[in-house]
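Each remark here refers to the structure printed beneath this line.
All values reported here derive from a predicted model rather than from experimental measurement. Just follow the structure's listing: the first ligand is 1, and inside any ligand the first atom is 1.
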Amino acid sequence: MGGSPTVYGGNTPCVSCIASDGALLVLDAGTGIYHLGKKLESRKEESKLIRMLFSHVHWDHIQGFPLFSPANSPEVKLLIYGGPPQGGTWEQALKGQMDDPYFPLPFSSLGADITFQGWPDEGPMALGPFTVSRTLTNHPGGGYSYRICCDHKIFVYATDTEHPASGVDEGLFCLARNADLLLYDATFFPDEYPAREGWGHSTWQHGIALARAASVRRLLLFHHDPSHDDESLAEMEWRAQQEFSSVEAAREGPVILD
Ligand SMILES: [Zn+2]
Ligand SMILES: [Zn+2]
């Protein structure tokens with residue numbers, strides 16, 4: 001995310017959660033998942049089970065999947081949960097982008113044991129040690145944000161969503177309540193937003209409004225626009241920090257919840 005990135009990273013979205021017992025939950029399969037795959041190649045036996053969630057099927061969130069090396073490993077069991085809010089399945093989206101002529105190898109050639117699981121009509125879902133709730137995002141074609149509880153910590157993944165005209169998004173407010181960490185869509189700078197209203201993205205100011213309303217401990221501003229370089233993202237971060245005590249622009253690399 002970012003045009004010529006050195007500090008804030010240049011991959012499209014992929015976030016992974018690692019529980020204290022080593023269980024892994026992957027959110028989205030943007031280009032960042034290629035690097036995650038390289039790290040996982042050296043992991044131990046208990047890490048061969050990988051659970052995945054997707055926010056939606058826009059290309060920046062699925063395009064890395066064909067190059068996720070664990071998906072091609074016969075030792076790996078990959079569980080993918082839920083389905084797109086607009087109908088169809090994640091399976092169709094992931095397969096479709098590998099169909100000829102978009103990719104040289106079909107989805108069916110992948111070596112891992114890949115299965116697609118449903119999602120309950122109501123209430124949270126237990127994915128190993130992760131208890132996950134979700135809400136719909138305000139984004140073209142729809143999508144989901146997720147609340148992930150694990151090891152007595154709460155992480156909320158809320159990307160590709162646009163704030164309402166006034167107040168905060170009710171669904172996201174409930175999802176983000178008392179979260180230890182909120183990853184929020186801050187694609188547009190506030191002065192850019194009026195010309196991009198309806199594109200399904202938000203700003204750092206609305207991220208802070210949501211974080212304040214929901215008593216979030218820490219906010220990470222995510223989904224940087226490709227036109228924003230390191231300098232402009234640093235300025236965004238500085239401005240945000242004048243208004244909220246614990247906020248940063250998201251960077252590549254680990255975040256530890258303690
Ligand atoms: Zn999108
Ligand atoms: Zn996106």
**OP:** Give a yes or no on whether the backbone of H163 and the side-chain of D169 come within a donor-acceptor separation of less than 3.5 Å.
**Re:** no

Subject >> No-hydrogen, no-angle side-chain donor-acceptor test under 3.5 Å, T137 and D160 >> reply: no

Original post:
Distance-only, no hydrogens or angles: does the W119 side chain make a donor-acceptor pair with backbone N or O of G83 under 3.5 Å?
Top reply: no

Original post:
For the ring pair Y184 and H206, is the centre-to-centre distance below 6.0 Å?
Top reply: no

**OP:** Output, by chain and residue number, all protein N/O/S atoms separated from the Zn ion (ligand 1) by less than 2.8 Å.
**Re:** H56 NE2, H58 ND1, H139 NE2, D160 OD2

Original post:
Closest to the Zn ion (ligand 2), which N/O/S atom of H223 is it?
Top reply: NE2

Original post:
For R251, which residues count as a side-chain hydrogen bond (donor to acceptor under 3.5 Å, both in side chains) partner, sequence neighbours excluded?
Top reply: E237

Original post:
Is the side chain of E162 donor-acceptor paired with the backbone N or O of G198 at a distance under 3.5 Å, no angle test?
Top reply: yes

